[in-house]
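Below is one structure, written out as structure tokens; comments come after it.
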Amino acid sequence: MSPSQILIVWHSRTGTAEALAAAAAKGAGEAALLKPACDVQPQDLLDASGYLFACPENLATMSGQMKEMFDRCYYPVLGKIEGRPYASIIAAGSDGDGAQRQLDRIAKGWRLKRVADPYIVVTKAQSQAEIEAPKDINRGDIEQAGALGEALAQGLDLGIF
């Protein structure tokens with residue numbers, strides 16, 4: 001296991017979660033391994049020192065591809081990654097709370113340690129056209145995602161978590 005590798009797992013339909021995950025990876029620098037949820041394997045989770053999960057909220061839950069990654073990888077790593085740090089980014093049209101709760105329940109089952117407050121970016125997209133359209137993410141959200149990635153990398157390097 002790399003001493004400070006952060007696995008950044010993302011899924012995105014309209015680009016918001018992907019852009020935020022990429023910003024976090026840029027902030028984390030060489031410690032980051034950015035992977036779409038569909039490509040993540042149990043070994044990727046075992047090899048990482050910490051995690052950042054970034055996905056949209058769809059119908060009050062995390063996106064199906066992110067959930068599928070957890071379904072596929074859950075049991076092969078159960079009991080093998082306990083205590084590792086994690087953080088999350090949720091892209092939501094309304095509030096993101098449902099997706100965040102679902103993600104946190106899975107992380108609790110793995111006994112991961114949340115090391116940063118949930119970061120939820122609310123796009124306020126409500127109509128079908130707004131929801132399906134690519135989003136313009138404001139600079140402040142991109143910067144905050146980058147700072148989250150940087151903080152995870154520094155925390156791991158310093159042995160804080």
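Note that the structure is a prediction, hence the values are computed from the model and not measured.
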Gap between atom CG of D141 and atom CG of N138 - 0.5 Å precision: 4.0 Å
Ring centers of W110, Y86 separated by less than 6.0 Å: no
Test item: K135 side-chain N/O and E130 main-chain N/O as donor-acceptor pair under 3.5 Å: yes
Distance, nearest 0.5 Å, that separates CG of L103 from CE of M66: 7.0 Å
Worked check of side chain to side chain contact (heavy atoms under 4.5 Å, CB included) between W10 and F53: CA-CA 6 Å; W10 64 272; F53 303 107; over 6 Å; no
For the student: nearest non-hydrogen atoms of S88 and R114, plus distance: OG-NH2, 2.9 Å
Side chain proximity check, E57 to D95, heavy atoms < 4.5 angstrom: yes
Considering all heavy atoms, the nearest C73-V40 contact: SG-O, 3.8 Å
Residue among R101, K108, Q100 satisfying side chain to side chain donor-acceptor pair (under 3.5 Å) with D104: Q100
Atom of A28, atom of I6 and distance for their closest heavy-atom approach: CB-CD1, 4.1 Å
Residue L59 excluded, over 12 heavy atoms near CG under 6.0 Å: no
Student check: side-chain heavy atoms of I81 and Y51 closer than 4.5 Å: yes
Stepwise side chain to side chain contact (heavy atoms under 4.5 Å, CB included) check, L148 with I89: CA-CA 9 Å; L148 178 57; I89 299 174; 3.9 Å; yes
Note, L152 side chain near V115 side chain (heavy atom, < 4.5 Å): yes
Check: Q102 side chain, M62 main-chain N or O, donor-acceptor pair, under 3.5 Å: yes
Test item: D97 and I90 side chains (from C-beta on) under 4.5 Å apart, heavy atoms: no
From E18 atom CD to S12 atom OG, the distance as rounded to the nearest 0.5 Å: 5.5 Å
Heavy-atom closest pair, residues S49 and P85: O-CD, 3.2 Å
No-hydrogen, no-angle side-chain donor-acceptor test under 3.5 Å, E132 and T14: no
Distance, nearest 0.5 Å, that separates OG1 of T16 from CD1 of I142: 8.5 Å
Exceeds 12 heavy-atom contacts within 6.0 angstrom, atom CG of D39: yes
With sequence neighbours excluded, residues passing side chain to side chain donor-acceptor pair (under 3.5 Å) with T123: none
Straight-line distance of I131 CD1 to Q126 CD, nearest 0.5 Å: 6.0 Å
Reported CG-to-CG distance for the pair L20 and L52, which is rounded to 0.5 angstrom: 9.5 Å
Shortest non-hydrogen contact between L7 and A48, atoms and distance: CB-CB, 3.7 Å
Minimal non-hydrogen separation, C38 against R72, with atom names: O-NH2, 3.8 Å
R111 side chain reached by K113 side chain, heavy atoms, under 4.5 Å: no
Residue K35 excluded, over 12 heavy atoms near NZ under 6.0 Å: yes
Short side-chain to backbone donor-acceptor contact, R84 and L45, under 3.5 Å: yes
Donor-acceptor under 3.5 Å (E150 side chain, G27 main chain): no
